[in-house]
Amino acid sequence: MLAGVSDSSRSPRSPSVVARITTSRLLLREYRAAEFESFAREFADPLSRTHMPGLVDRRTAWRVFAASMGTWMLNGAGWWAVELLATGELVGTVGAFFRETALDGKLPVDLELGWIVFRPFWRRGIATEAAAAARTFGFERLDAPRVIAHISPGNVASIRVAERLGMRHEVDVDFYGEERVSRYAVERP
Ligand SMILES: CC(C)(COP(=O)(O)OP(=O)(O)OC[C@H]1O[C@@H](n2cnc3c(N)ncnc32)[C@H](O)[C@@H]1OP(=O)(O)O)[C@@H](O)C(=O)NCCC(=O)NCCS
C-alpha cells in the first residue's frame, strides 16, 4: 500500500488537485510558481537534456510547467515537484500522466511515467525512489493495469531507473516523428 498520501483525488482519471506523497526521503507535491526558474534552467541545460528531445526555451518551459499541473485538473494525473524532506530542497520532478494520444480513442491509454532529477542530486537514488512512488500511485490510485515509460536507447541512467521499477523493454517506437525511443512497461502486480 502507498503510505503517506493525502489528496482529494477521487475515482480513477477524475479531476483532482495534486496528490501529495511522502516516501522515506522525499515529498512529492505540487509545483510552485516561484520554482519556475529552476525548471526553466533544467530544461535549458545541455547535459541534462542529452537524451531528451532538445533544449527547451523559457517560453515553452512555462507551458510545460503549467501543463504539468493542469493535467491534474483534467484527468487526475500529472507531474510532481520532488522535494528532499531533510532540507526542503527541490531536487527534480516525476510524473504519472496520460498523453493526448489517450484521448483519441484509437491508441492504448497507458499511464506513462517520467523522471528528471536536477544535476547536483544525481546518483543518490532519488529518481528511483520518486518514480517508484509514482508507479505505485498509478496502480493503486489511478487503477492503471500497467505503466509505461519512453526512454532514448542511450539513456543508461534512465533505463536503470526503469529496470529498478520492474519495467522491461517492450518495443522501440517512433516518437512523434522526432526520434526512435524504447518503450518500457510493467504490469500491475
Ligand atoms: C535519469 C535520471 C533521472 C537518473 O536520476 P538519479 O536520481 O541519478 O538516478 P538514481 O540515483 O535513482 O540511479 C538509478 C540507477 O541509475 C544508475 N545511474 C545513475 N546515473 C547514471 C549515469 N550517469 N550513468 C550510468 N548509470 C547511472 C545508478 O547507478 C542506479 O543504478 P543501480 O540501481 O544499478 O545502482 C537523471 O540522470 C536525469 O535527470 N537525467 C536527465 C533527465 C533524463 O534523462 N530523464 C529521463 C528521461 S527518459
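Values below: every heavy atom of this structure, side chains too, minus hydrogens, waters and symmetry copies. Just so it is clear, the model here is predicted, and its values are computed rather than measured. Atoms within a ligand are numbered from 1 in the order they appear, just like the ligands themselves. All residue numbers refer to positions in the sequence shown, counting from 1.
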Visitor: For I116 and ligand 1, does the shortest N/O to N/O distance drop below 3.5 Å?
Guide: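 In this structure, I116 places no N or O atom under 3.5 Å from an N or O of ligand 1.
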
Visitor: Please check this pair: side chain of R188 against backbone of A144, looking for a donor-acceptor N/O pair closer than 3.5 Å.
Guide: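 Judged by distance alone, yes, a pair lies under 3.5 Å.
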
Visitor: Nearest protein heavy-atom contact for atom 20 (N) of ligand 1: which residue, which atom, what distance?
Guide: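 Scanning the protein heavy atoms, the shortest distance from atom 20 (N) of ligand 1 goes to A157 CB, 3.4 Å.
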
Visitor: Using distance only, find each side-chain donor-acceptor pair of residues 81-93 under 3.5 Å and give its atom names and separation, not counting sequence neighbours.
Guide:
residue : atom : partner : partner atom : Å
E83     : OE1  : R29     : NE           : 2.6
E83     : OE1  : R29     : NH2          : 3.1
T87     : OG1  : E89     : N            : 3.2
T87     : OG1  : E89     : OE1          : 2.7
T93     : OG1  : Y31     : OH           : 2.7
T93     : OG1  : W80     : O            : 2.9

Visitor: Please list the nearest protein heavy atom to atom 28 (C) of ligand 1 with its residue and the distance rounded to 0.1 Å.
Guide: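 Sorting protein heavy atoms by distance from atom 28 (C) of ligand 1 puts R123 NH2, 4.2 Å first.
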
Visitor: State whether the side chain of S158 and the backbone N or O of N155 hold a donor-acceptor pair below 3.5 Å, judged by distance alone.
Guide: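 No; zero donor-acceptor contacts below 3.5 Å.
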
Visitor: Under a single-linkage definition using a 4.5 Å side-chain heavy-atom cutoff for Ile, Leu, Val, Met, Phe, Trp and Tyr, are W79 and L142 assigned to the same hydrophobic cluster?
Guide: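 Looking at the clustering, L142 is in the same group as W79.
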
Visitor: Using the ring centroid of each side chain, check whether F36 and F43 are separated by less than 6.0 Å.
Guide: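 Here the rings of F43 and F36 have centres that are no less than 6.0 Å from each other.
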
Visitor: What I want to find out is whether D45 reaches R119 closely enough, with some N-O distance under 4.0 Å, to be called a salt bridge.
Guide: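 A salt bridge is present here (some side-chain N lies under 4.0 Å from a carboxylate O).
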
Visitor: As a check for students: among F121, F118, W115, W122, identify the option with a heavy atom nearest to atom 37 (O) of ligand 1.
Guide: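 Of the listed residues, W122 has the closest heavy atom.
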
Visitor: Any nitrogen or oxygen of T128, main chain or side chain, under 3.5 Å from a nitrogen or oxygen of ligand 1?
Guide: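 Yes, there is a polar N/O contact under 3.5 Å.
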
Visitor: Starting from atom 16 (O) of ligand 1, locate the nearest protein heavy atom and write down its residue, its atom name and how far away it is, to 0.1 Å.
Guide: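 That would be R160 CB, 3.3 Å.
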
Visitor: Assigning hydrophobic clusters by single linkage (Ile, Leu, Val, Met, Phe, Trp, Tyr; side-chain heavy-atom cutoff under 4.5 Å), is V17 placed with M73?
Guide: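 As far as the 4.5 Å side-chain criterion goes, M73 and V17 are not connected within one cluster.
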
Visitor: If the cut-off is 4.0 Å to any non-hydrogen atom of S48, which atoms of ligand 1 fall inside it?
Guide: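 Per the distance check, 41 (C), 42 (C).
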
Visitor: Take every heavy atom of H150, measure it against each atom of ligand 1, and state whether any distance is under 4.0 Å.
Guide: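 Contact present.
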
Visitor: Verify the neighbour count for atom CZ of R59: are there more than 12 heavy atoms of other residues, nucleotides or ligands below 6.0 Å?
Guide: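 Atom CZ in R59 is not crowded, with 12 or fewer foreign heavy atoms closer than 6.0 Å.
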
Visitor: Between ligand 1 and H51, can you find any atom pair, the residue atom being a heavy atom, that is separated by under 4.0 Å?
Guide: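 The answer is no: ligand 1 sits nowhere under 4.0 Å from a heavy atom of H51.
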
Visitor: Identify whether L47 and I159 are in the same connected component of the hydrophobic contact network (ILVMFWY, side-chain heavy atoms under 4.5 Å).
Guide: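 L47 clusters together with I159.
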
Visitor: Check each heavy atom of R124 against ligand 1 and say whether those closer than 4.0 Å belong to the side chain, the backbone, both or neither.
Guide: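 It is the backbone that touches ligand 1; the side chain stays farther off.
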
Visitor: Can you tell me how far apart CD (E37) and CZ (R58) are? Round to the nearest 0.5 Å.
Guide: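 One finds 4.0 Å between CD of E37 and CZ of R58.
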
Visitor: Compute the shortest N/O to N/O distance between I151 and ligand 1 and return yes if it is under 3.5 Å, no if not.
Guide: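 So ligand 1 has no N or O lying under 3.5 Å from an N or O of I151.
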
Visitor: For atom 39 (O) of ligand 1, what is the closest protein heavy atom, and at what distance to 0.1 Å?
Guide: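 Closest protein heavy atom to atom 39 (O) of ligand 1: V117 N, 2.8 Å.
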
Visitor: Can you tell me which residue and heavy atom of the protein come closest to atom 5 (O) of ligand 1, and the distance to 0.1 Å?
Guide: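 Ranked first by proximity to atom 5 (O) of ligand 1 is A127 CB, 3.2 Å.
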
Visitor: Please state which part of N155 comes within less than 4.0 Å of ligand 1, counting heavy atoms only: side chain, backbone, both or neither.
Guide: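 The answer is the side chain of N155.
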
Visitor: If you have a sec, work out which protein heavy atom is nearest atom 11 (O) of ligand 1 and how many Å separate them, to one decimal?
Guide: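 The answer is G125 N, 2.6 Å.
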
Visitor: Is there a chain of hydrophobic side chains (I, L, V, M, F, W, Y, each step under 4.5 Å between heavy atoms) that links L26 to W122?
Guide: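 In one cluster: yes.
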
Visitor: Would you mind listing which atoms of ligand 1 come within a distance below 4.0 Å of any non-hydrogen atom of R164?
Guide: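 Matching atoms, with element in brackets: 32 (P), 33 (O), 35 (O).
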
Visitor: Could you list the atoms of ligand 1 found under 4.0 angstrom from a heavy atom of M52?
Guide: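 Numbered from 1, ligand 1 contributes 43 (C), 44 (O), 45 (N), 47 (C).
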
